[in-house]
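One structure is given below, encoded as structure tokens.
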Amino acid sequence: MTARPVLLPGTQCVIEDFGDDGALTRHLLEIGITPGLQLTIVRRGPFGDPVEVAMPGTHSVVLRSGELASLRCRFVSGPLAALPCSATGRYRVRALQGGQRHTRRVAGYGLRPGREFSLLPCSRGRYRLRIGADAPVVELGRGEAARLIVEPA
Amino acid sequence: MTEQRRSVTVALAAIPNTGKTTLFNQLTGARQSVGNWAGVTVARRVGHFELGDYDVELVDLPGAYSISPTTEEQRIVERYLMQTPPDVVLNLLDARNLYRGLGLTLQLAMSGLPTVVAVNMMDEARRQGLDIDIDALSRHLGMPVVPIVARSGEGLEQLKAALREVIEHPETEHPPHISFPPVVEEQVMELARRIDALPERPPLDESLIALQLLKGEGEQEVLDPRVPGSGAVVEEAARRRRTIEAVTGQPFATTCAECRFNAARGLAMEATHALPRVRDAVANRLDAVLLHPLFGLPLFFLIMFVLLQVIYAIGFPLQDAVSSLFAALDGWLRALAPLRALPPLLRSFLLDGLVAGVGVVVTFFPLLAVFFVLMSVMEGSGYIARAAFLMDRLMHALGLDGKAFINILLGYGCNVPAVMGTRILSSHHNRIVAMLLVPFSLCSARLQVFVFLSAILFAPSTAALVLFGLYAGSFLAVVLVGLVLKALRIGGRPEPFIMELPPYRVPLLRSVLLRAWQEIRAFLRRAATLILSGVVVVWLLTHVPADVPPGSAGTLAGRLGQSLAFLFQPLGIHWQETVALMFGFIAKEIVIGSMAVIHGGGDLAAQIERLVTPLQGLSFMVFTLLYTPCVATVASIQAESHSWKVTALSVGQGLALAWLASFLVYQGGRLLGYA
């Protein structure tokens with residue numbers, strides 16, 4: 001069970017359930033946002049809120065992150081930075097984003113598309129990854145983690 | 001021939017952003033009337049068209065995602081369908097948004113009401129490479145489905161033919177069955193049987209009524225509580241809901257929506273052979289720029305700046321042109337012999353009261369036209385939703401959503417259309433709060449007063465600072481009052497914020513012009529009487545008794561101004577200016593002119609310079625900024641809110657804040673040593 005992903009652009013997740021039965025939940029249900037639907041976070045507003053959420057087969061929807069707080073959404077893929085520190089486990093690199101220098105450096109750690117790795121508990125706000133059993137631990141900052149697209153392995 | 005004509009009612013139902021208004025306009029042309037749904041701030045549009053031997057009354061239902069009472073709009077739709085069901089429902093879908101739209105379609109199908117489905121925007125769907133299998137949709141829904149392009153009129157003849165066919169043979173429809181978990185099916189069937197046994201119930205399919213009751217919300221819209229046995233049925237529904245929830249382990253509303261949208265997803269896939277990619281490349285590129293985290297807001301402010309400039313460059317000159325036309329008419333009337341023969345008081349009543357009042361109403365027409373042309377271009381293009389996205393975080397602090405910012409900003413041009421424009425906001429709460437805040441935005445009429453007075457009382461460099469300060473004060477007032485209204489929960493509970501981002505579109509000229517025309521008509525019908533009464537009251541105050549000059553010490557207003565001196569003395573406002581403020585209720589522009597009259601003619605600037613100190617002038621301007629904007633704004637607030645309480649609150653809060661702020665400015669200034 002993965003913890004709730006952070007609503008970062010590029011994050012894809014599948015709705016598992018709504019935390020409550022409030023007015024917002026009713027409203028979401030009525031526009032077809034039901035458990036099992038895959039959401040993609042497209043972008044966030046200039047001050048971090050609201051959030052544009054896309055879903056297959058229908059126009060995207062703008063919601064406030066505060067109102068999304070009770071939604072439980074299973075992480076499908078997205079930037080590593082969308083994962084909270086508690087979301088340890090096995091993941092696979094899906095894509096590398098960003099400039100050439102960054103991709104070359106990250107690839108230098110062995111983090112190429114298709115590679116699996118274990119996510120260890122963070123330390124001092126940095127993500128810690130181990131690619132092989134005896135491989136050294138790789139530390140990534142938030143900025144690097146935001147450009148490493150991963151999926152659960 | 002009229003004896004053979006039969007009238008039928010068709011209700012147009014759709015989720016938002018499907019082109020409903022365009023289809024409505026195409027079908028009914030200009031044969032439509034705009035009112036309000038009983039007791040609420042939501043517009044009710046009804047139009048007519050002919051269909052063979054039938055006179056069709058087309059009722060435009062508010063945009064609703066579902067027949068359930070979650071939003072005010074949806075409550076209206078539910079109440080309408082349950083209590084006064086139409087003969088036929090015309091349901092509109094957006095070809096690129098089938099999944100979401102079909103959620104409502106399936107509910108309508110379950111209602112048992114004869115329904116025709118039109119799939120709109122077929123052209124845009126084709127351009128995106130979407131091929132929609134209309135036959136499959138029709139087969140699965142068991143009702144006629146017609147592909148149309150509402151903008152161009154493509155497919156409308158086929159749609160009318162289908163409507164006619166359903167009106168004549170409603171029994172040919174065979175609505176689909178949505179499969180629910182066995183426990184739901186069982187409970188719905190048993191509850192439906194109980195509903196069927198009631199002496200009186202909505203003439204809709206009892207399974208749909210059962211489903212509505214099981215949701216446990218808004219039962220009174222579905223079943224009339226006065227019908228014997230309805231209370232027992234509602235209680236039974238609650239019991240059965242608990243039975244279902246115990247089995248499924250989730251709220252019934254979730255189960256219900258899941259089943260409906262699973263069916264909708266299946267249908268959409270069947271009709272398109274895959275779920276369509278909704279975002280086209282152009283929209284993606286536009287959004288990347290217009291919603292950019294850094295450049296989005298500056299671009300938005302640039303667009304709003306241009307809009308305000310257009311209002312100033314076209315709207316106000318047009319308004320001036322109409323004013324001078326009216327002044328010419330006024331001059332002509334004054335010279336007219338039969339009018340000159342009338343007793344002076346009656347003549348003054350006709351000319352300074354009634355004609356002046358009509359003048360106030362008429363001079364708003366060009367402004368409203370320009371304003372609503374711009375507003376509907378923004379709305380029709382899809383940009384307004386983007387603007388709301390950009391501004392939402394800031395406006396949320398005031399308990400409003402991003403759209404309300406546009407109203408308040410446009411209020412800096414003119415408050416009247418800004419108040420009328422609150423109709424585009426998404427909930428009752430937002431509409432009420434926004435229309436209470438708009439009057440604090442410094443409109444062009446107030447600007448005229450400030451420019452005139454500050455030029456007389458201050459050195460040019462100080463005058464510019466004073467103007468800047470007044471703009472800042474206006475902004476501060478909006479924020480402060482917004483925070484207070486939020487804390488006091490005026491306007492009721494805010495609804496959760498959920499907004500679809502519609503695709504970009506080029507607005508239709510026809511729709512834009514029709515909208516401007518309808519707004520002017522609505523203003524004329526709903527606000528004109530109140531404006532005229534307001535002007536007449538001010539006339540009465542300032543012109544009676546007739547044997548003294550208007551506005552002078554001997555008139556009602558003069559006496560009122562003098563007896564209110566105890567209130568205005570601490571603000572540094574003389575009774576003459578108090579009378580000018582009363583005149584200012586008609587329109588802020590006439591404050592200056594009325595001061596000239598009150599001071600008995602002569603060089604107004606010199607008189608003001610002699611009588612009013614800069615500090616007193618500043619206090620007067622602060623009062624003018626904040627107190628009741630003008631009778632037309634008040635009338636619009638009344639017309640939009642349908643509430644005298646809200647109207648009174650608007651006037652009261654303006655006066656109170658104006659007094660307080662002027663008091664602080666004047667007394668603070670004196671403490672600092674200014675006169």
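Convention: sequence-line order gives letters A, B, ...; per-chain numbering from 1. If you're wondering where the values come from, they're calculated on a predicted model, not measured in any experiment.
- In this structure, a donor-acceptor pair under 3.5 Å is present between the side chains of A:R64 and B:H396.
- With chain A as partner, the option from B:L294, B:I15, B:L291, B:L297 having the largest number of non-hydrogen pairs under 4.5 angstrom is B:L291.
- With a 4.5 angstrom heavy-atom cutoff, A:V53 does not touch chain B via any of its atoms.
- Side-chain atoms of A:E30 and B:Q74, non-hydrogen and from C-beta on, do get closer than 4.5 Å to each other.
- Chain A forms more heavy-atom pairs under 4.5 Å with one residue of B:S68, B:A388, B:G402 than with any other, namely B:S68.
- The shortest distance between side-chain heavy atoms of B:R393 and A:P46 does not fall below 4.5 Å.
- A donor-acceptor pair under 3.5 Å links the side-chain atoms of B:Y99 to the main chain of A:G32, judged by distance alone.
- Checked by atom type and distance alone, the side chain of B:N97 pairs as donor or acceptor with a backbone atom of A:H59 at under 3.5 Å.
- Interface remark: B:P496 contributes backbone and side-chain atoms alike to the contact with chain A (heavy atom separation under 4.5 Å).
- No more than 12 heavy atoms of other residues, nucleotides or ligands lie within 6.0 Å of CZ in A:R115, so this atom counts as exposed by the packing criterion.
- Here the side chain of A:E67 pairs a donor or acceptor atom with the backbone of B:F497 at under 3.5 angstrom.
- For a residue to count as touching a neighbouring chain, one of its non-hydrogen atoms must lie under 4.5 Å from one of that chain's; by this rule B:Y65 touches chain A with backbone and side chain alike.
- Minimum heavy-atom separation, A:V62 to B:F389: CG1-CD1, 3.6 Å.
- Across all non-hydrogen atoms, the minimal contact from B:D392 to A:P50 is CB-CD, 3.7 Å.
- Under the 4.5 Å side-chain criterion, counting only non-hydrogen atoms from C-beta, B:R265 is in contact with A:L37.
- Remark: the backbone N or O of A:I31 is paired with a side-chain donor or acceptor of B:R100 at under 3.5 angstrom.
- In terms of non-hydrogen atom pairs under 4.5 Å with chain A, the most contact-rich of B:N17, B:T70, B:D94 is B:T70.
- Looking at heavy atoms from C-beta onward, B:T254 lies in side-chain contact with A:L29 at the 4.5 angstrom threshold.
- Side-chain contact check for A:V61 versus B:L501: every heavy-atom pair is 4.5 Å or farther apart.
- Using a 4.5 Å heavy-atom threshold, the side chains of B:I498 and A:L24 count as touching.
- Considering only heavy atoms from C-beta on, B:Q250 stays 4.5 Å or farther from A:F18 through its side chain.
- For A:R90, the CZ atom is densely surrounded, since the number of other residues' heavy atoms within 6.0 Å is greater than 12.
- Residues meeting the side-chain hydrogen bond (donor to acceptor under 3.5 Å, both in side chains) test with A:T103, sequence neighbours left out: none.
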